[in-house]
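In what follows, a structure is listed as structure tokens, so that the remarks can point back to it.
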Amino acid sequence: MKLGKRLSHISDIVNNDYTHIWDCCCDHGLLGASLLDKELNAKIHFVDIVPHLIDALDEKLTQFYANKRERWQTYCQDVAALPLSQYSGKHLVIIAGVGGDLCSAFVQNIMRQNPSLNIDFILCPVHHLYTLRQTLQSLKLTLKSERLVNENKRSYELIYVSTDKLDGKPVHAVGQRIWCYQDKQEYEIAKHYLNKTIDHYQRINQGRDDVSDIIAAYRSVQLKPVE
Ligand SMILES: C[S@@+](CC[C@H](N)C(=O)[O-])C[C@H]1O[C@@H](n2cnc3c(N)ncnc32)[C@H](O)[C@@H]1O
């Protein structure tokens, strides 16, 4: 099956730096399968909590990737407890398609359980990006890259971070590079996403929670052409 734009962008930024790549919340395993097709040196680990998804995926991988049997493994388990420390080498953990709150909890748990491992994360959740960015800041992860990806008229922040302190810069509270555009279409996408995000927090602000500082942070964003 063909990958959508969101998963394609994730697949495109995965390079050959890794020994182990974890396709977390893998669902039907589309992303991990595309990484297997990329002929990377890494082993691809597919993880999902739903047994019938992992059973079906195991069957498919056995059928189509029998010649790469040592290059993949499936796990039916909670991403919060990935068995990273059982594998030596450099890890890339990819978490996409779940809420930003859950994504934050996964990253926190993985970091807590593996304090001495060198781990990169590619994160592309839906909603709650402010919370996720706060978590990444508090964990002192460094930013390798970030971009806005548009799929089916919806925008997603794709954030690539690392535990490696020498590799990258601090994560910004509302993002920086995601607000830069190369052409009119990218400008319109970023503007729409920014307005939608501000509207979202304004609605929350009308309830019991005071999120005026978050609104102010997004209001201070200035869209800029890429330098
Ligand atoms: C919408 S799919 C995302 C699929 C793919 N990653 C993507 O971005 O398109 C969300 C998946 O997360 C899985 N999931 C939810 N909570 C999980 C957890 N705690 N541990 C592992 N998988 C989980 C669900 O079973 C589901 O297959």
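One is the number of the first residue; the rest follow in order along the sequence. Each ligand, and each atom within it, is numbered from 1 in the order the structure gives. As a basis for the values below, the full set of heavy atoms in this structure was taken, side chains included, without hydrogen atoms, waters or symmetry mates.
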Of all the non-hydrogen atoms in the protein, which one sits nearest to atom 2 (S) of ligand 1, and at what distance?
D27 OD2, 3.6 Å

Give the residue and atom name of whichever protein heavy atom lies nearest to atom 5 (C) of ligand 1, and the separation in Å to one decimal.
C25 O, 3.5 Å

Can a salt bridge be assigned to the pair E157 and R133 using a cut-off of 4.0 Å between side-chain N and carboxylate O?
yes

K43 vs Q73 side-chain heavy atoms within contact, under 4.5 Å:
yes

The side chain to side chain donor-acceptor pair (under 3.5 Å) partners of Y201 (sequence neighbours excluded) come to none

Considering the heavy atoms of F106, write down every atom of ligand 1 situated less than 4.0 Å from one of them.
18 (C), 19 (N)

Atoms in ligand 1 with a heavy atom of V50 nearer than 4.0 Å:
25 (O)

Presence of salt bridge, R6 and E151, under 4.0 angstrom:
yes

What is the nearest protein non-hydrogen atom to atom 16 (N) of ligand 1, stated with its residue, atom name and distance?
L102 CD2, 4.0 Å

Which residue and heavy atom of the protein sit nearest atom 17 (C) of ligand 1, plus the separation
I49 CG2, 3.8 Å

Measure from the side-chain N and O atoms of N15 to the backbone N and O of D17, and report whether any donor-acceptor pair falls under 3.5 Å.
yes

Could you tell me the residue and atom name of the protein heavy atom closest to atom 8 (O) of ligand 1, and the distance to it rounded to 0.1 Å?
R6 NH1, 2.8 Å

For atom 1 (C) of ligand 1, the closest protein heavy atom turns out to be G97 O, 3.4 Å

Would you please classify the geometry between the Y87 ring and the W22 ring as parallel, tilted or perpendicular, with 30° and 60° separating the classes?
perpendicular

Relative to ligand 1, is L31 under 4.0 angstrom through side chain, backbone, both or neither, heavy atoms considered?
neither

Using a strict 4.0 Å cut-off to heavy atoms of Q77, name the atoms of ligand 1 that fall inside it.
20 (N), 21 (C)

Walk me through whether Y187 and Q182 qualify under side-chain hydrogen bond (donor to acceptor under 3.5 Å, both in side chains).
CA-CA 7 Å; Y187 171 81; Q182 303 207 60; over 6 Å; no

Taking the six-membered ring of W72, is the NZ or CZ of R69 close enough (under 6.0 Å from the centre) and on axis enough (within 45°)?
yes

Quick check: does D23 get an N/O under 3.5 Å from an N/O on ligand 1?
no

min-distance protein heavy atom vs atom 20 (N) of ligand 1 -> V79 N, 3.0 Å

How far is atom 13 (C) of ligand 1 from its nearest protein heavy atom, and which residue and atom name does that atom have?
D48 OD2, 3.3 Å

Could you tell me whether K68 and E39 make a salt bridge, using a distance below 4.0 angstrom between a side-chain N and a carboxylate O?
yes

